[in-house]
Amino acid sequence: QVQLVESGGGLVQAGGSLRLSCAASARTFNSYAMGWFRQAPGKEREFVAAMRKGGSTYYADSVKGRFTISRDNAKNTVYLQMNSLKPEDTAVYYCAAGVIGGMGLAGYDYWGQGTQVTVST
């Protein structure tokens with residue numbers, strides 16, 4: 001039983017930065033892998049970044065070197081720091097928690113409501 005509440009989305013110019021937050025209500029927050037996905041209009045939801053239970057991270061090639069995923073177990077919160085943003089980063093961003101995790105949607109059991117990120121030229 002995990003509930004996720006996202007914040008931090010908004011409008012930013014190309015080259016700028018945003019930090020997304022996802023607060024989780026779970027007694028065993030550190031028992032889950034955490035991930036970020038995004039979905040642009042007319043496109044499928046795609047993997048962005050994830051952190052394993054042990055703390056290691058991995059990223060989609062499109063965001064590697066620009067985005068950083070982190071988590072604070074004491075605060076039950078996962079973050080996505082987004083730097084050097086591009087117009088093609090525009091999408092609804094979703095945080096997710098799962099026992100298995102991975103790069104596919106099936107590895108996650110709980111999802112946030114999504115937050116809009118818009119990058120202008």
Side-chain angles (χ1 to χ4, degrees):
Q1 182 64 34
V2 178
Q3 293 176 312
L4 306 173
V5 180
E6 299 175 332
S7 62
L11 175 64
V12 65
Q13 291 184 325
S17 299
L18 282 175
R19 188 173 79 158
L20 306 182
S21 299
C22 186
S25 59
R27 181 181 179 275
T28 56
F29 177 74
N30 60 357
S31 296
Y32 296 91
M34 300 297 298
W36 287 94
F37 292 76
R38 67 187 183 186
Q39 187 167 21
K43 301 187 68 176
E44 299 292 328
R45 192 170 300 186
E46 67 174 359
F47 170 78
V48 175
M51 176 174 285
R52 301 182 179 92
K53 300 173 187 177
S56 62
T57 61
Y58 49 101
Y59 301 86
D61 289 341
S62 59
V63 306
K64 195 172 298 182
R66 299 187 299 120
F67 291 11
T68 303
I69 185 173
S70 62
R71 66 191 290 172
D72 187 333
N73 288 332
K75 297 181 178 180
N76 281 9
T77 302
V78 63
Y79 305 94
L80 184 68
Q81 178 66 48
M82 306 185 295
N83 298 325
S84 301
L85 283 162
K86 306 174 181 179
E88 50 262 46
D89 295 319
T90 295
V92 177
Y93 283 70
Y94 299 87
C95 63
V99 174
I100 297 176
M103 298 176 65
L105 277 64
Y108 298 86
D109 307 296
Y110 307 97
W111 294 83
Q113 79 284 358
T115 185
Q116 177 70 47
V117 172
T118 303
V119 184
S120 66
T121 58

Quiz item: Can you list the steps and then say if V92 with R45 is a side-chain contact (heavy atoms from CB on, under 4.5 Å)?
Solution: CA-CA 9 Å; V92 177; R45 192 170 300 186; over 6 Å; no
Practice problem: In sequence, state the C-alpha distance, the side-chain angles, and the governing distance for V117 and L18, and then conclude on side-chain contact (heavy atoms from CB on, under 4.5 Å). | Solution: CA-CA 9 Å; V117 172; L18 282 175; 3.9 Å; yes
Exercise. Apply side-chain contact (heavy atoms from CB on, under 4.5 Å) to the pair Y93 and Q116, showing each step before the final yes or no.
Key: CA-CA 6 Å; Y93 283 70; Q116 177 70 47; over 6 Å; no
Quiz item: Y59 and V48: side-chain contact (heavy atoms from CB on, under 4.5 Å), yes or no, with the steps?
Solution: CA-CA 6 Å; Y59 301 86; V48 175; 6.0 Å; no
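For the pair A49 and L80, the tightest heavy-atom approach, listed with the atom from each and the gap, is CB-CD1, 4.2 Å. Contact between G101 and A33 at its shortest, heavy atoms only, is CA-CB, 3.9 Å. Scanning all heavy atoms of the two residues, the minimum distance from T115 to E6 falls at N-OE1, 3.2 Å.
Here the straight-line distance linking atom CD of Q81 with atom OG of S17 works out to 6.0 Å at 0.5 Å rounding. The CG atom of D109 sits 7.0 Å away from the CD1 atom of I100 when rounded to the nearest 0.5 Å. Rounded to the nearest 0.5 angstrom, M82 CE and W36 CH2 are separated by 8.0 Å. The distance from the CZ atom of F37 to the CG atom of L105 is 5.0 Å, given to the nearest 0.5 Å. With values rounded to the nearest 0.5 angstrom, M34 atom CE is found 5.5 Å from L4 atom CG. Summarising the geometry, atom OH belonging to Y108 is positioned 5.5 Å from atom CZ belonging to F47; distances are rounded to the nearest 0.5 Å.
Checked by atom type and distance alone, the side chain of N83 never pairs as donor or acceptor with a backbone atom of F67 at under 3.5 Å. In terms of modelled atom types and a separation under 3.5 Å, the side chain of K53 and the main chain of V99 share a donor-acceptor contact. Between the side chain of Y58 and the backbone N or O of G102 there is at least one donor-acceptor pair closer than 3.5 Å. Checked by atom type and distance alone, the side chain of T118 never pairs as donor or acceptor with a backbone atom of L11 at under 3.5 Å.
Side-chain contact check for R19 and Y79: no donor-acceptor pair (N or O, by modelled atom type) lies under 3.5 Å. Neither side chain, D72 nor T77, offers a donor N or O lying under 3.5 Å from an acceptor on the other.
Using a 4.5 Å cut-off on side-chain heavy atoms (C-beta onward), R38 and E46 make contact.
Residues K86 and D89 are not paired through a salt bridge, judged by the lack of any N-O separation under 4.0 Å between the basic side chain and the carboxylate.
Within 6.0 Å of the CD atom in E44, the count of heavy atoms belonging to other residues, nucleotides or ligands does not exceed 12.
Connection of V2 to L20 is established within a shared hydrophobic cluster, with ILVMFWY side chains joined at heavy-atom distances below 4.5 Å, either directly or through further cluster members. Hydrophobic clustering, with ILVMFWY side chains joined whenever heavy atoms are under 4.5 angstrom apart, keeps W111 apart from Y32.
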